[in-house]
Amino acid sequence: MKLYMNEKVFSWKDKFSIKTESGEDRYYVEGKAISLGKKLRIYDTAGNELAFVNQKLVSLTPKFTIEINDEEVAIIKKKITFLKPKYIIEGPGWEVKGNFFSHDYEITENGRTIVAIHKKWMSWGDAFELDIEDESQEVLAVAAVLAIDAVMDSQND
């Protein structure tokens with residue numbers, strides 16, 4: 001399933017809308033306006049919280065946790081590298097590979113694509129196309145993409 005994630009530009013806090021190919025709302029993402037570290041919550045269209053992405057501040061490199069149903073299910077870490085950024089997703093056994101500078105990468109598990117991510121360049125705010133293979137992994141995949149994007153944004157600031 002393809003999802004389209006668009007950041008709302010004129011907002012004091014991080015806000016994303018996530019829509020299906022047909023333009024229907026699927027998820028909403030909101031961050032805190034003032035907080036130590038990035039904190040993003042993913043909601044369904046009924047307003048139920050589905051996942052929480054939380055930046056851990058006491059870490060040598062950027063590190064985020066993902067909680068679903070108040071349980072930590074994944075940790076996203078940026079490794080120290082000299083040439084190309086590298087990310088590790090602990091928990092579900094996923095790998096991240098691709099071209100992070102052009103925001104064209106994928107998350108895989110044992111060689112099988114979980115989600116392919118492509119950034120749309122001519123748009124207001126960040127806009128991504130997410131091609132998710134397995135709908136049962138959709139919320140976790142969206143949360144992982146948000147965490148990686150937050151790391152890239154913090155590195156560019």
Checklist entry - Taking it one step at a time, do Val142 and Phe128 satisfy side chain to side chain contact (heavy atoms under 4.5 Å, CB included)? => result CA-CA 11 Å; Val142 167; Phe128 298 94; over 6 Å; no
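- The pair Glu49-Arg41 counts as a salt bridge, with a side-chain nitrogen and a carboxylate oxygen less than 4.0 angstrom apart.
- Considering CG of Leu140 and CD1 of Ile66, their distance stands at 5.0 Å, rounded to 0.5 Å.
- With sequence neighbours excluded, the residues forming a side-chain contact (heavy atoms from CB on, under 4.5 Å) with Glu109 are Trp94, Arg112, Ile114, listed by chain and number.
- Legend: residues meeting side-chain contact (heavy atoms from CB on, under 4.5 Å) with Thr20, ordered by chain and number and at least two apart, are Leu3, Ser22, Glu24, Arg26.
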Checklist entry - Could you go step by step and tell me if Val29 and Val53 meet the side chain to side chain contact (heavy atoms under 4.5 Å, CB included) rule? => result CA-CA 10 Å; Val29 179; Val53 179; over 6 Å; no
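- For Phe52, there are no ring-ring contact (aromatic ring centres under 6.0 Å, His included) partners two or more places apart in sequence or in a different chain.
- Side-chain heavy atoms closer than 4.5 Å link hydrophobic residues (I, L, V, M, F, W, Y) into clusters, and following such links, even through other members, never connects Tyr4 to Tyr43.
- In the hydrophobic clustering of ILVMFWY residues, with side-chain heavy atoms under 4.5 Å counting as a link, Val145 and Ile75 come out apart.
- For Asn69 (side chain) and Glu71 (main-chain N/O), no donor-acceptor pair under 3.5 Å exists by modelled atom type.
- The structure places CG of Leu130 at 9.0 Å from CD of Glu138, a figure rounded to the nearest 0.5 Å.
- Sparse packing is recorded around CD of Glu95, with 12 or fewer heavy atoms of other residues, nucleotides or ligands lying under 6.0 Å away.
- Taking all atoms of both residues into account, the shortest heavy-atom contact from Asp44 to Tyr28 is O-CD1, 4.0 Å.
- Going from atom CD1 of Ile76 over to atom CZ of Phe64 covers 8.5 Å, rounded to the nearest 0.5 Å.
- For the side-chain contact (heavy atoms from CB on, under 4.5 Å) test with Lys86, the passing option among Lys78, Lys97, Lys79 is Lys79; the others fail.
- Taking OG1 of Thr113 as the reference point, atom CD1 of Ile132 lies at 12.0 Å (rounded to 0.5 Å).
- Thr65 contributes atom OG1, which lies 10.0 Å from atom CD of Gln55 (distance to the nearest 0.5 angstrom).
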Next on the checklist: Asp149 vs Phe16, test: side chain to side chain contact (heavy atoms under 4.5 Å, CB included). Steps then yes/no.
Outcome noted: CA-CA 12 Å; Asp149 182 57; Phe16 290 87; 4.1 Å; yes
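- Residues Met1 and Ile107 are members of one and the same hydrophobic cluster, defined by side-chain heavy-atom contacts under 4.5 angstrom among Ile, Leu, Val, Met, Phe, Trp and Tyr.
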Item to check | Leu146/Met5 under side chain to side chain contact (heavy atoms under 4.5 Å, CB included): CA gap, chis, key distance, verdict | outcome: CA-CA 10 Å; Leu146 286 166; Met5 183 167 69; 3.6 Å; yes
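- The minimum heavy-atom distance linking Ile68 with Leu50 is given by the pair CG2-O, 3.6 Å.
- Annotation: the span from Glu21 atom CD to Lys2 atom NZ amounts to 6.0 Å, rounded to 0.5 Å.
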